[in-house]
Amino acid sequence: MITKQPPEILSIKTVAKSRIFSVQAVDLRFSNGELRTYERLTPQRRSSVMVLPIHEDHLIFVKEYAVGPERYELTFPKGIVDQGEQPIESANRELQEEIGFGAKSLVPLRTLYSSPSHMYGLMHLFVATDLYPSQLTGDEPEPLEIVRYPLAKIDELLADPAFAESRNLSALFLLRDYLNQTKG
């Protein structure tokens, strides 16, 4: 494998700003001399968590509104790692805020980037088991619908075209492999 030198960053400037996002134009010079401007969401360097809760042979999802596709999506509990928190602490907090359970066991599954071409987007995935009732107040604008899905039907969910959010699909494929490895 050829090791490439990362491009030189010539300048970074904010080209748009909203209440939540800033868009940066990043001028780059590649090692072959080629010049390009890439745009990215301003990197806040805060990671996030997604938790795959398993309770009584079921996965627990939430259904929440996603403004991108303008519809309600089936998703795993997720959220930003707060200042001073470790990802595993954030995972347990998000479970309590979104589904009303804490976890005695949180196993790191994988860390992945959701969209590295345009933002930092580091997400830590955890498998949560040995759940117990515990509710914390979250920041959702409306109550989340809790959806229980049988573990035995993971393949059906993976084949469902309505289950299309890439982070959730990746997490479910990883969970299926993890469960297959822990069985044997």
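- Listed by first then second residue, pairs satisfying ring-ring contact (aromatic ring centres under 6.0 Å, His included) with a partner in residues 70-98 read Phe61-Phe76, Tyr65-Tyr72, not counting sequence neighbours.
- In terms of heavy-atom proximity, Asp130 sits nearest to Ser105 at CB-N, 4.4 Å.
- Nearest heavy-atom pair, His124 versus Ser47, reported as atom, atom and distance to 0.1 Å: NE2-OG, 3.3 Å.
- Two residues are said to be in side-chain contact when any heavy atoms from C-beta on lie closer than 4.5 Å; Glu56 and Leu131 fail this criterion.
- Annotation: side chain of Ile146 is in contact with side chain of Val62 (closest heavy-atom distance under 4.5 Å).
- Residues Val51 and Ile99 form no side-chain contact, since every pair of their non-hydrogen atoms from C-beta on lies 4.5 Å or further apart.
- In terms of modelled atom types and a separation under 3.5 Å, the side chain of Glu34 and the main chain of Arg29 share no donor-acceptor contact.
- Using modelled atom types, one side-chain atom of Asn92 and one backbone atom of Ala103 make a donor-acceptor pair closer than 3.5 Å.
- Scored by the salt bridge (charged side-chain N to carboxylate O under 4.0 Å, His left out) test, Lys104 finds no partners at all (sequence neighbours excluded).
- Side chain of Glu85 to backbone of Asp82: a donor-acceptor contact under 3.5 angstrom is found.
- Taking 4.5 Å as the limit, every side-chain heavy atom of Leu175 sits out of range of all side-chain heavy atoms of Leu125.
- Side-chain N or O atoms of Glu8 include none that pairs as donor or acceptor with a backbone N or O of Leu10 at under 3.5 Å.
- Under the 4.0 Å criterion applied to side-chain N and carboxylate O atoms, Arg93 and Glu89 are not assigned as salt-bridge partners.
- Checked against Leu95 for a side-chain contact (heavy atoms from CB on, under 4.5 Å), the options Ile60, Val49, Leu106 give a single hit: Leu106.
- Under the 4.5 Å side-chain criterion, counting only non-hydrogen atoms from C-beta, Glu64 is in contact with Lys78.
- The shortest side-chain heavy-atom distance between Ile9 and Asp27 does not fall under the 4.5 Å cut-off.
- Contact of the Leu52 side chain with the Tyr178 side chain is not registered, since no non-hydrogen atoms from C-beta on lie closer than 4.5 Å.
- Residues Met50 and Asn168 meet the side-chain proximity criterion, which asks for heavy atoms closer than 4.5 Å.
- Within 6.0 Å of CZ on Arg110 lie no more than 12 heavy atoms contributed by other residues, nucleotides or ligands.
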